[in-house]
Number of protein chains: 2
Amino acid sequence: MLLFKRRIEPFKGQWSLIGSFVQPQESTEAAVRRVLAESTGLTDIFTDELGIYGAPGRDPGARVISLGYYALIRIDSENLRDTATHDARWFDTKDLPELILDHNQMVADALNKLRRRARYRPVGFELLPEKFTLPQLRRFYESIYGRSLDRRNFRKKILSMSILEKTEEKDMSESRKGAFLYRFIKEKYDAMTERGINFEI
Amino acid sequence: MLLFKRRIEPFKGQWSLIGSFVQPQESTEAAVRRVLAESTGLTDIFTDELGIYGAPGRDPGARVISLGYYALIRIDSENLRDTATHDARWFDTKDLPELILDHNQMVADALNKLRRRARYRPVGFELLPEKFTLPQLRRFYESIYGRSLDRRNFRKKILSMSILEKTEEKDMSESRKGAFLYRFIKEKYDAMTERGINFEI
DNA sequence: ATAATAAGTGTAAAATTAACACTTATTATT
DNA sequence: AATAATAAGTGTTAATTTTACACTTATTAT
């Protein structure tokens, strides 16, 4: 998770999610894209509504209703600007610092939502590299489920959906034997769901 | 779906969802409860976030960001005020009039969200009467899925979850034989999900 | 008394999921 | 050059779940 050191008072210097005010002539989605582009350099990123944070006392400075969105960024994104500056840092979600206001609650909500979604929607592919190995995909779902999944059964199930394309390339970085790289084919996923078959892992 | 004839300009007299401005000292959830109480007389109703409607030109009068919520109201709710006035009317969702602004989009989004949710969450019980028959519950899911479900298999599946309690009463209004009434027991549902079993129909 | 209707029940076949052990490609070590 | 170590890759059988399907029952209307 990408967190930011707040540059302005109040709470200057504390860790925080990033946000901005919606400008008069921009849509809320455009504001999300703008903030993402400013903070990471990325465009065309998967984003999703998280929720509305509207308790009157949540920000001691002013009455602010926050519209929560989360984005999923491939850690290998080519154009990802150097985000490990003194202003921003990537954190393991299991080891997060204290955040300002209700941002810890937002993070908890986002992780819960992501966990629920990943079961029934192909959000995992937004986080993995464009090409990934089946062991990587399996480990992603193992972390979502919080339990291990049988290697053979997982492989059988995901391949039977015919939504992945095998490449000739092997990733040699994580094992001696190496593992073949696969690609998620959105068109095949769409075709599957249109046939009425529910994606579920 | 409960729709309202707008009482003020612009769009006076046209059908609309109901809303209100969030007051300075109330939370967004409190605003939802207030609007619901004012329009139906009901409190303690299931509500859920629908989404954020924030396009800059969506309301020609002013820049308004609408925070969408939907509520599920049991049609037999005891304290439901007479909502069939000249200002408000219940509509079949398959036969809705044209609504102001982007409200038809909101309705479409709400129905889609409800359909998806109903598969994995026990929202159906928020809409059915407190006591309902298994044929009623089955017809609810048939309308969600858009296809018929086998009577015997449906009964087996839902009863195997042990989240329903059978009463001694029979509903004689829908058939000659009558059908036993059941009650959803939230505690049993919670126990089931805590055992890691996913609700899914 | 009989007909009509929808509720209620059980069983067998088919499909899916879960459990499990050996082989293979590659790198590191000797 | 041979051997050990490692994680990837594969196939089969048992268990479970889902699907398909037909008759009996309680009640009301005729």
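Lettering of chains follows the sequences in order, A, B, ..., and the numbering in each one begins at 1. Keep in mind the model is a prediction, meaning the values are calculated, not measured.
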Asker: What is the distance, rounded to the nearest whole Å, between atom CD1 of A:Ile158 and atom C1' of D:dT10?
Answerer: 18 Å
Asker: Compare side-chain N and O positions of B:Arg155 against OP1 and OP2 of C:dG8 and report whether any pair is under 4.0 Å apart.
Answerer: yes
Asker: Do A:Phe184 and A:Leu164 pass the side-chain contact (heavy atoms from CB on, under 4.5 Å) test, and can you show the C-alpha distance, the side-chain angles, and the key distance before you say yes or no?
Answerer: CA-CA 5 Å; A:Phe184 173 66; A:Leu164 301 186; 4.3 Å; yes
Asker: What is the distance, rounded to the nearest whole Å, between atom CD1 of A:Ile197 and atom P of C:dT16?
Answerer: 9 Å
Asker: Return the orientation label for the B:Tyr189 and B:Phe199 ring planes: parallel under 30°, perpendicular over 60°, tilted otherwise.
Answerer: perpendicular
Asker: Expressed in angstrom and rounded to an integer, what is the separation of A:Met172 atom CE from D:dT6 atom C1'?
Answerer: 12 Å
Asker: Counting only heavy atoms from other residues, nucleotides and ligands, does the tally under 6.0 Å from CG of B:Asp44 exceed 12?
Answerer: no
Asker: Under the 3.5 Å rule, do the base of D:dA8 and the side chain of A:Arg176 count as making a donor-acceptor pair?
Answerer: no
Asker: Regarding B:Asp171 and B:Ser173, do their side chains bring together a donor and an acceptor under 3.5 Å, going by distance alone?
Answerer: yes
Asker: In whole angstroms, how far is the C1' atom of D:dT18 from the CG atom of B:Leu149?
Answerer: 13 Å
Asker: According to a strict under-4.0 Å criterion, is A:Lys177 in side-chain N/O contact with OP1 or OP2 of C:dT23?
Answerer: no
Asker: Would you kindly give the CZ-to-C1' distance between A:Arg139 and D:dA7, to the nearest whole Å?
Answerer: 10 Å
Asker: With both distances kept under 3.5 Å, what pairs with C:dA28, Watson-Crick or G-U wobble?
Answerer: D:dT3
Asker: Of the options C:dA25, D:dC23, D:dC21, whose atoms approach the side-chain atoms of B:Arg151 most closely?
Answerer: D:dC23
Asker: Quick one: label A:Lys156 by what it contacts on the DNA or RNA (base, sugar-phosphate, nothing), any heavy atom closer than 4.0 Å.
Answerer: base
Asker: Let me spell it out: for each of A:Leu159 and B:Arg152, pick the nucleotide of DNA chain D with the closest heavy atom. Which residue's pick is nearer the 5' end?
Answerer: A:Leu159
Asker: With both distances under 3.5 Å as the test, what is the Watson-Crick or G-U wobble partner of C:dT17?
Answerer: D:dA14
Asker: Toward the 5' end of DNA chain C, which comes first, A:Asp150 or B:Thr133, by nearest nucleotide?
Answerer: B:Thr133
Asker: Measure OH/B:Tyr182 against P/C:dG8 and give the value in whole Å, please.
Answerer: 6 Å
